[in-house]
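Each ligand, and each atom within it, is numbered from 1 in the order the structure gives.
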Amino acid sequence: MRQPENELAELNQASLLRKLATRDGSLQNFSSNDYLGLASHPRIKKCYQDAIGQYGAGSTASRLICGSLPPHRELESLIANAKGTEAALTFSTGYATSVGTITAVVKKGDTVILDKLCHASLIDGARMSGATLRVFPHNHLDKLESLLASSARKSTPDSRILVITESIFSMDGDAAPLQEIATLTRKHGSLLMVDEAHALGVIGPTGMGLAEQLGIQDQIDFHMGTLGKAAGVAGGYLAASQAWVDLLVNRARSFIYSTAPPPAQAAAAAEAIRLIRDEDGRALRKQLWQNIETFRDAAKRPHPCASAIVPWMIGASDDAVALSTQLRQLGFLVPAIRYPTVPPHTARLRITLNATHDPESVRQLAAAIQHTADAR
Ligand SMILES: *Cc1c(COP(=O)(O)O)cnc(C)c1O
């Protein structure tokens, strides 16, 4: 029998061993997805605390048994309203949302067409669904179109073709050509699912993401995202037509067979959605984008940033880990991202900017990275 020690030794040999480190509060944190600082925002914390007082600690059962409480409904109607859809459903995590949604929507005989850089939760959902999997190179519209055409040729009148992309890619920070993808998908009569995990709170006039920014929310069948990143709390959402949401309630196993998120968590997430959309959210978004610009200027990055995620490409895993360790010694928490999170030989530092960063520390980080990278 294979022993776990041997597998761990192999991972270590390849500089791919991962360990859980407790966050060191003395470090300047450039690794969190808490883009607006809502995880520690007084409005969110107060709402969370009050809701615990009103509803208690946990939901006690699955939503379909007796776990559906007013905060869950309120959160879902807020999200549906913000996304311009008839309905929305919330899950315990974004991961559970991806897997639950994709496995409910497609099955054997259907096709899923995914961008190569899609998040693991989307890939896992697609694999578990039993549908035929097709992958197009990152943001490659011609290849997407040929996959759409060939899948449509092979499909029966009853079968579904589901295109999946992220709006902002989690490890590269770049944007999908969402308008073009939506147009192609509609042209071929297929369905489109967009994961806005890293765009919610960051992009769009009311922070609802890239689809809102482009004014194409009505061209997307499944709007997906997490409430654990810019929203600062936890959970995932899927916004769609009423019929699709009703189908998810009946078919999404990660929704049906899991205890509902604590009602207080839903109440706090609802407050986060309200905050993201009102003047407090607008002000935080402005600070965030100022910090993104400050970093870009100080680091002399040639291109404008599409998001709060800045990848610093290194290549070899051991080099990326060494650089991350050096930065830690200088007081900065910047993670090295390695295979299998990113393709082999594309290890990188992943810098995330937050609204709460002090601009001076942003400049210091840019200088420190340039200095340590150059010294290698
Ligand atoms: C983080 C992330 C998820 C998963 O969301 P969780 O709430 O953390 O489970 C899904 N998709 C993308 C693109 C992500 O970055």
Side-chain angles (χ1 to χ4, degrees), residues 20 23 31-36 38-39 44 72 75-76 79 83 88-103 105 112 114-129 135 138-139 162-176 178 181 192-203 208-211 220 222-239 252-255 258-262 265-266 268-270 272-273 276 306-311 335 337 340-343 348 350-354:
L20 293 172
R23 193 194 303 166
S31 68
S32 102
N33 302 311
D34 183 19
Y35 300 119
L36 302 178
L38 299 198
I44 310 301
H72 297 114
L75 172 61
E76 287 164 356
I79 291 171
K83 296 281 175 182
L89 194 66
T90 53
F91 293 70
S92 302
T93 64
Y95 186 93
T97 309
S98 297
V99 169
T101 301
I102 299 168
T103 54
V105 170
V112 176
L114 280 157
D115 186 288
K116 175 126 176 61
L117 296 189
C118 273
H119 189 258
S121 63
L122 301 166
I123 295 167
D124 292 357
R127 283 188 183 149
M128 282 167 71
S129 74
V135 176
H138 180 49
N139 282 347
L162 175 65
V163 174
I164 306 178
T165 185
E166 292 175 29
S167 60
I168 295 297
F169 284 84
S170 61
M171 295 301 140
D172 291 67
D174 60 337
L178 206 51
I181 291 175
L192 178 58
M193 175 169 176
V194 179
D195 182 347
E196 298 251 31
H198 296 278
L200 184 81
V202 176
I203 294 172
M208 285 302 109
L210 187 59
I220 291 160
F222 304 100
H223 301 257
M224 189 224 135
T226 171
L227 300 163
K229 287 170 182 161
V233 189
Y237 66 83
L238 195 287
R253 294 169 65 87
S254 62
F255 174 83
S258 192
T259 300
Q265 178 185 309
I273 296 291
I276 285 172
S307 71
I309 301 162
V310 185
I337 307 289
T341 304
V342 293
R348 68 202 64 183
R350 176 178 182 267
I351 301 133
T352 48
L353 283 313
N354 294 178

Give me the pairs of N or O atoms, one from ligand 1 and one from the protein, that sit under 3.5 Å apart.
residue  : atom   : partner : partner atom : Å
ligand 1 : 7 (O)  : G94     : N            : 2.8
ligand 1 : 7 (O)  : T226    : OG1          : 2.7
ligand 1 : 9 (O)  : G94     : N            : 3.1
ligand 1 : 9 (O)  : Y95     : N            : 2.8
ligand 1 : 11 (N) : H119    : ND1          : 3.4
ligand 1 : 11 (N) : D195    : OD2          : 2.5
ligand 1 : 15 (O) : H198    : NE2          : 2.6
ligand 1 : 15 (O) : K229    : NZ           : 2.6

Q) Who are the ring pair (Phe, Tyr, Trp, His ring centres under 6.0 Å) partners of F255, not counting sequence neighbours? A) F91
Less than 3.5 Å apart, any donor N or O on the side chain of [X] or [Y] sitting next to an acceptor on the other?
| X | Y | value |
| --- | --- | --- |
| H223 | Y237 | no |
| N354 | S32 | yes |
| D172 | H138 | no |

Q.
Restricting to side-chain contact (heavy atoms from CB on, under 4.5 Å), what partner residues turn up for A175, sequence neighbours left out?
A. I168, L210, A306
Q: Sequence neighbours left out, what passes side-chain contact (heavy atoms from CB on, under 4.5 Å) with T259? Give chain and number order.
A: S59
